[in-house]
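Notes for the one structure printed next.
For the numbers below, each heavy atom of this structure counts, side chains included, while hydrogens, waters and symmetry mates do not.
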Amino acid sequence: MKHLLRTALLAAVFMLPQMTIAQENVRYREIRPEQFTPAQKEFAAALQKPPRNGNLNTGPFRVYFRSPEFGRHALGMSDYLRWGTSLEPRLIELTILISARHWSSSYIWRAHYPAAIKGGLDPAIPAAMAAGRRPTSMKPDETAIYDLLTQMYRDKKVSDAAFNAAVARYGEKGVTDIIGLASYYGITAMALIAADTPTAPGDEPKLQAVAEIFPR
């Protein structure tokens with residue numbers, strides 16, 4: 001009996017941080033289903049369809065839910081950019097991590113780091129990015145994305161060399177999709193900032209404060 005009680009107490013202790021994370025947000029409180037507007041009902045139904053199977057009260061969705069018309073378009077954009085382009089998962093997740101690093105969004109970083117590693121991204125790459133350093137182990141296709149986006153974020157312009165390398169590798173459509181994907185996660189990061197969303201602890205390399213987002 002004591003063993004069972006101890007096990008139950010330990011389980012409660014390990015669950016507590018997750019429960020605290022879920023309950024901490026006070027800027028966008030949960031809306032009960034009976035309070036949904038017709039547009040919110042449509043958004044909730046769209047969010048819960050595969051492959052997303054999302055939760056209205058997690059991440060940016062609690063913010064999107066306040067403007068469900070915008071939210072439905074955001075979901076469509078996200079679905080296309082994550083699952084509808086010709087980019088392989090490793091490159092999609094690299095793009096998302098670059099955006100997360102730019103915004104210092106530990107929530108997005110935490111959420112997408114496992115998918116990046118599972119997709120084949122060398123762990124040394126996000127480790128260097130987390131510390132504010134340029135990775136040294138990137139493949140040519142990764143370097144093309146990294147240079148394109150980091151120059152945009154850091155310099156507010158893109159060199160001919162970086163632009164031409166990205167177009168040569170991905171074509172004009174692919175470059176547009178890469179820009180769209182990074183930009184969409186900028187919207188996500190801003191929603192998370194607005195909601196003051198906390199991040200659950202994980203084993204990913206933690207984002208360090210840096211004077212400039214990516215060194216030259």
Side-chain angles (χ1 to χ4, degrees), residues 42-123 125-126 129-130 135 138-150 152-153 166-167 169-195 197 199-200 202-205 207 213:
E42 290 183 26
F43 176 78
L47 180 63
Q48 292 162 9
K49 291 179 181 178
R52 184 177 302 283
N53 300 316
N55 185 330
L56 285 174
N57 295 297
T58 60
F61 303 128
R62 65 170 67 234
V63 181
Y64 296 173
F65 191 54
R66 266 56 184 189
S67 178
E69 296 84 358
F70 161 78
R72 290 200 307 274
H73 287 293
L75 293 184
M77 182 181 294
S78 173
D79 289 349
Y80 167 71
L81 292 169
R82 290 186 64 191
W83 300 302
T85 74
S86 61
L87 296 171
E88 62 181 271
R90 168 178 58 91
L91 300 172
I92 289 172
E93 298 302 330
L94 172 63
T95 300
I96 295 171
L97 290 184
I98 292 171
S99 182
R101 172 68 272 193
H102 168 72
W103 283 96
S104 295
S105 177
S106 58
Y107 188 103
I108 297 173
W109 185 268
R110 166 83 172 84
H112 286 273
Y113 175 81
I117 302 308
K118 183 178 179 180
L121 189 68
D122 182 349
I125 294 174
M129 290 168 56
M138 292 185 291
K139 299 174 181 177
D141 57 356
E142 296 164 349
T143 299
I145 293 176
Y146 185 94
D147 287 345
L148 177 74
L149 294 179
T150 54
M152 285 185 174
Y153 286 137
V167 171
R169 176 73 60 174
Y170 298 108
E172 292 181 343
K173 182 180 187 303
V175 168
T176 300
D177 288 342
I178 291 166
I179 294 170
L181 180 61
S183 300
Y184 173 76
Y185 276 88
I187 296 173
T188 303
M190 293 174 77
L192 293 166
I193 290 169
T197 306
T199 303
D203 57 2
E204 73 285 354
L207 295 177
I213 299 304

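- A donor-acceptor pair is defined here as one N or O able to donate and one able to accept, closer than 3.5 Å; such a pair exists between the side chain of T188 and the backbone of Y184.
- In this structure, the side chains of I125 and Y146 stay at 4.5 Å or more apart for every pair of heavy atoms.
- Contact detail for P123 and Y113: the closest heavy-atom pair is CB-OH, 4.2 Å.
- For the pair R72 and L47, the minimum side-chain heavy-atom distance is 4.5 Å or more.
- Closest approach of I92 and L81 over heavy atoms only: CD1-O, 4.1 Å.
- Checked by atom type and distance alone, the side chain of S78 never pairs as donor or acceptor with a backbone atom of A74 at under 3.5 Å.
- Nearest heavy-atom pair, E93 versus A115, reported as atom, atom and distance to 0.1 Å: CD-CB, 3.7 Å.
- Between the side chains of Y80 and D177, at least one donor N or O sits under 3.5 Å from an acceptor N or O.
- In this structure, L97 CG and E204 CD are separated by 10.0 Å, a value rounded to the nearest 0.5 Å.
- Proximity of the aromatic rings of Y64 and F43 is defined here by a centroid distance below 6.0 angstrom, and this criterion is not met.
- You'll find the ring centres of H102 and Y185 outside the 6.0 Å limit.
- A salt bridge links R90 with D141: at least one charged nitrogen is closer than 4.0 Å to a carboxylate oxygen.
- Considering OG of S99 and CE of M152, their distance stands at 12.5 Å, rounded to 0.5 Å.
- Proximity of a side-chain donor or acceptor of R101 to a complementary backbone N or O of M129 within less than 3.5 Å is detected.
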Given E142 and L121, is the side-chain contact (heavy atoms from CB on, under 4.5 Å) satisfied, shown in steps?
CA-CA 9 Å; E142 296 164 349; L121 189 68; 3.5 Å; yes
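- At least one side-chain heavy atom of P126 sits under 4.5 Å from a side-chain heavy atom of I117.
- A distance-only check finds no donor-acceptor pair linking the side chain of W109 to the backbone of I96 [under 3.5 Å].
- Looking at S105, its side chain never comes within 3.5 Å of a backbone N or O of A100 through a donor-acceptor pair.
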